[in-house]
Amino acid sequence: MLIGSFAHALDAKGRVFIPAKWRETLGDVLVVTQGLLADRDLTCLFGMSVGEWDQFSARLAQLPLTDMAGQAVRRRLYATASACEIDRQGRILLPAQLRELSAIQKDVTLIGIGNRIELWEPGQLARHSAAMESDFEAALQHLSQVGI
């Protein structure tokens, strides 16, 4: 299970350290793609093990070709996805395209979300957290509406 949060800095080559306690769950490759957020002014990255990516891809593949909104999301996720190998020191190289999309330049916060991780530029995460805090009661109501 991927839980907790960790703050790290990118090295000069754009590599970030993946916490040791997550590497067993993730395996040798982390599939990283653009995150899915409702707020267009905020960005993050999603990272999944190859197995989780395959399951996610299978669900996306079930979208009808006539679902234009679903196909647009699918296209973007696949276009920005990168299979990032975890090196012997426990780092992945974040491709320049993904660093640019997420505004990650130097510092990055990694958050475990159960079956995936999110990679955030700290300022983006702070803005997202503040917005979510103001809507937390609505989020709790939503969970009760979906049976959680």
field: Closest approach of L93 to R99 (non-hydrogen atoms, all atoms of both residues)
entry: CD1-NH1, 4.4 Å
- prompt: Side-chain contact, heavy-atom cut-off 4.5 Å: L37 with C44?
  reply: yes
- prompt: When clusters are formed by joining ILVMFWY residues with side-chain heavy atoms under 4.5 Å apart, either directly or through shared neighbours, do I86 and V32 land in the same one?
  reply: yes
task: On the 0 to 90° scale, with breaks at 30° and 60°, tag the F6-H8 ring pair as parallel, tilted or perpendicular.
output: parallel
Minimal non-hydrogen separation, Q141 against S144, with atom names: O-OG, 2.7 Å
field: V50 reachable from F56 in the ILVMFWY side-chain graph, under 4.5 Å edges
entry: yes
query: Does CD in Q89 sit with more than 12 non-hydrogen atoms of other residues, nucleotides or ligands closer than 6.0 Å?
result: yes
- prompt: Which atom names give the shortest non-hydrogen contact between R15 and D87, and what distance separates them?
  reply: CD-OD2, 4.3 Å
query: Between T43 and L101, is there a donor-acceptor pair closer than 3.5 Å when you use the side chain of the first and the backbone of the second?
result: yes
- prompt: Do L30 and I117 come close enough that some side-chain heavy atom pair is under 4.5 Å?
  reply: yes
task: Please report the C-alpha distance between I18 and I92 in whole Å, then the side-chain angles of each, then the deciding distance to 0.1 Å, and finally whether the side chain to side chain contact (heavy atoms under 4.5 Å, CB included) criterion is met.
output: CA-CA 7 Å; I18 302 299; I92 60 166; 4.1 Å; yes
message: Can you confirm whether L45 sits close enough to I104 that some side-chain heavy atom of one is under 4.5 Å from a side-chain heavy atom of the other?
response: yes
message: Testing the 3.5 Å rule here: is there a donor-acceptor pair between the side chains of Y78 and S57?
response: yes
Gap between atom OG of S49 and atom CD of Q55 - 0.5 Å precision: 7.5 Å
- prompt: Between L36 and V73, is a side chain to side chain contact (heavy atoms under 4.5 Å, CB included) present by the stated rule, with each step listed?
  reply: CA-CA 9 Å; L36 298 174; V73 170; 3.9 Å; yes
- request: Please name the pair of heavy atoms, one in W22 and one in I3, separated by the smallest distance, quoted to 0.1 Å.
  value: NE1-O, 3.1 Å
message: Measuring from atom OG1 of T25 to atom CZ of R23, what distance do you get when rounded to the nearest 0.5 angstrom?
response: 11.5 Å
query: How many angstroms lie between atom CE of M1 and atom CD of E24, to the nearest 0.5 angstrom?
result: 13.0 Å
task: Would you give the length of the straight line joining atom OG1 of T66 to atom CE of M68, rounded to the nearest 0.5 angstrom?
output: 6.0 Å
message: I'd like to know if the side chain of T33 reaches the main chain of L77, judged simply by a donor and an acceptor atom lying under 3.5 Å from each other, with no hydrogens or angles considered.
response: yes
field: Pi-cation contact, F46 with R116 (under 6.0 Å, within 45°)
entry: yes
field: W120 side chain near R127 side chain, heavy-atom distance below 4.5 Å
entry: no
task: Kindly say whether S82 contributes a backbone atom to a donor-acceptor pair with the side chain of Q97 at under 3.5 angstrom?
output: no
Check: R76 and Q34 side chains under 4.5 Å, non-hydrogen atoms: yes
- request: For R91 and V16, run side chain to side chain contact (heavy atoms under 4.5 Å, CB included): C-alpha distance rounded to whole Å, both residues' side-chain angles, the deciding distance at 0.1 Å, then the answer.
  value: CA-CA 5 Å; R91 304 167 299 188; V16 63; over 6 Å; no
message: According to a hydrophobic-cluster definition based on side-chain heavy atoms being under 4.5 Å apart (Ile, Leu, Val, Met, Phe, Trp, Tyr only), do W53 and L60 belong together?
response: yes
message: Quick check for you: to the nearest 0.5 Å, what is the distance between E100 atom CD and T80 atom OG1?
response: 12.5 Å
query: Is C84 close to V29 at the side-chain level, that is, under 4.5 Å between some pair of heavy atoms?
result: no
message: Could you tell me if the side chain of L10 sits less than 4.5 Å from the side chain of L94, heavy atoms only?
response: yes
- request: Please indicate whether Q71 has more than 12 foreign heavy atoms, meaning atoms of other residues, nucleotides or ligands, lying under 6.0 Å from its CD.
  value: yes
message: Testing the basics here: between P122 and T109, what is the closest heavy-atom pair and its distance to 0.1 Å?
response: CG-OG1, 3.9 Å
query: Which heavy atom in A103 sits nearest to a heavy atom in Q124, and how many Å separate them?
result: CB-NE2, 4.2 Å
query: Would you say D107 has more than 12 foreign heavy atoms packed within less than 6.0 Å of its CG?
result: yes
field: Minimum side-chain heavy-atom gap L125-I111 below 4.5 Å
entry: yes
